[in-house]
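Scroll down for the structure; my scribbles are underneath it.
These numbers come from a predicted model, not from an experiment. So you know, we letter chains A, B, ... as the sequences are listed, proteins then strands, and number each from 1.
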Amino acid sequence: MCSVNEDEVQEVISSPPPLNLDQVCMKCNSEKAVTIARTKDPFCRACFDQYFTHRFRSTFGKSRLIRQGEEVLLAFSGGQSSRVLLHLVQEGLSEHAVKRLRFTPIIIYIDEGVVYGYASERQKSLLKEVSGIIAQTQFPGYFTKLEEVFTGARVWPISDAVLSAGSEQRSKLAAPDPTSSISQGEMPGEVKLKQLFDSLKSSTAKEDMLQSLRRQLLVDIAAKYFNTGKILVGDNATRLSVRLLGNIAQGRGGTIPLDTGFCDNRSDVMVLRPLREFPDSEIASYLTLHQLQSVDASSDHSLPGSSGHSIEGLTASFVHSLQSNFSSTVSTIFRTSDKLQLSEDLVHSGQCCPLCQAPCEESFNEEVFSHVSTSGNNKLLCYVSSHSIGCRLTARGTVHENILELLLKDDSGGSNEL
Amino acid sequence: MPLSVEIEFSGGAELLFNKIKKHKIELPDKMGVANTWTIRDLIGWIKENLLCERPELFVQGESVRPGILVMINNIDWDLVGGLDYVINNNDTILFISTLHGG
Ligand SMILES: [Zn+2]
Ligand SMILES: [Zn+2]
């Protein structure tokens, strides 16, 4: 039904398109094409939507992981991918959906402003923008702050953020304002977080740490606060391709299936990636065609104080330039990742890294400890093979007590069993 | 006759343009040569006239940096000629960065 003579399509693509002339949708063969999907296929608006929704649903459907009526946390950063994810979930739950989704989403936003060094005004305005989008969906929405990894993973309803938008004066008088620091006496989480990031030497370490903390916090919140076992995240195919190559470079090759697969079940709380088959160009097309606003916190993906030349940043540039010349780059890298599996040793190791929570091989080298531990800390950072660097490298040189505090934290949020 | 064009930046690209998303601009007549503006010309013009900071995050060579998607009147630029597309009066041209954010 959907099939088309391959040669014909090839021909249309390989000869340079006539200037300013309309191309026709390859699927319905009648409407004007507005976007290109699946690397080379021109689609009209309606057929693109249909393709997109169908692919999203089948990624979900194949897994059969989410039960009817189950509450699921949806991690919303305001960025393009999670904006699209939020919209797809909203559409999928609406009454006019062809096959309705059947779970109940709870939306969570993590304020990472401290890490990016944003002024509190900027942080607040981002929060308000994001909260506005969440509020429109009518889903229950909450926000937290990355520094909450140190202070018990608290969350606040986004209505708090929306309310304080209109009444800046009042919220200054009223206590306690969740958008300002609360702890007295003890060192506030935001200071700890800032110190931790300042102590990290390389851009790679900072970005790696950010990912680990984000994950830890989401898992903690899902388990402790919402009692749910599933988190949806917006990772798309381009991002996952970058991660795949970046992880290999960082010595995390052993856990690629967890880092890039649909279901990351390294802890009791699963992280699911329903957008994993869409490259970022398709995400951007969807966003544009549906006129969705995303909230973009930074103009490039480097953290402040870092050169931008992190392994992740360089890998991203590499993948993007390759993609612009060879449009099947992402799909090729991506298909490779689907063929990889966790080694049996890792699956049954029963050990997990306290920072990234990935499983570790049981046999590890004493040297690991000398690199990371100061005060007799007997937990191991991920050490998936004798050549692995991973978290060990991220934490190296960070003798800061804040990181030890994280490492020694109770594992109540996620356990080691796969 | 000068061309009137609406340019829009999003996905974080606007942060390189004073955080202003929409720009209404007039492209002046070209001297001597055929009076056509292509997207290639426009990118050069933006670099000279609109870009506020760090051009390397927006421009690469005569095109946009890989990872920035261009939509012309809501149509993917690759469908209408890419860099060689000839701009018409009242076109809307969107530059959407896909380089971060999830
Ligand atoms: Zn069509
Ligand atoms: Zn680790």
B/Asp76 CG to A/Thr288 OG1 distance, which is reported to the nearest 0.5 Å: 9.5 Å

Closest approach of B/Leu79 to A/Thr35 (non-hydrogen atoms, all atoms of both residues): CD1-N, 3.4 Å

Atom pair CD1/OG of B/Ile68 and A/Ser281 - distance to nearest 0.5 Å: 13.5 Å

Segment of B/Ile72 engaging chain A (4.5 angstrom heavy-atom cut-off): neither

Other residues, nucleotides, ligands: >12 heavy atoms within 6.0 Å of B/Asn18 CG: no

Which portion of A/Leu322 sits near chain B, non-hydrogen atoms under 4.5 angstrom: neither

Nearest-0.5 Å distance, CD1 of residue B/Ile96 to CD of residue A/Gln80: 4.5 Å

Closest heavy-atom pair and its distance - B/Pro66, A/His320: CB-O, 3.3 Å

Neighbour count above 12 (heavy atom, 6.0 Å) for B/Glu56 CD: yes

A/Asn236 CG to B/Thr98 OG1 distance, which is reported to the nearest 0.5 Å: 8.0 Å

Over 12 foreign heavy atoms within 6.0 Å of OH, A/Tyr51: yes

Toward chain B, the part of A/Leu289 with a non-hydrogen atom under 4.5 Å: side chain

NZ (B/Lys19) with more than 12 external heavy atoms under 6.0 Å: no

Nearest-0.5 Å distance that lies between atom OG in A/Ser324 and atom CD in B/Gln60: 7.0 Å

Closest contact, heavy atoms only, A/Ala284 versus B/Leu69: CB-CD2, 3.7 Å

Spatial distance of atom CD1 (B/Ile75) from atom NZ (A/Lys32) [nearest 0.5 Å]: 3.5 Å

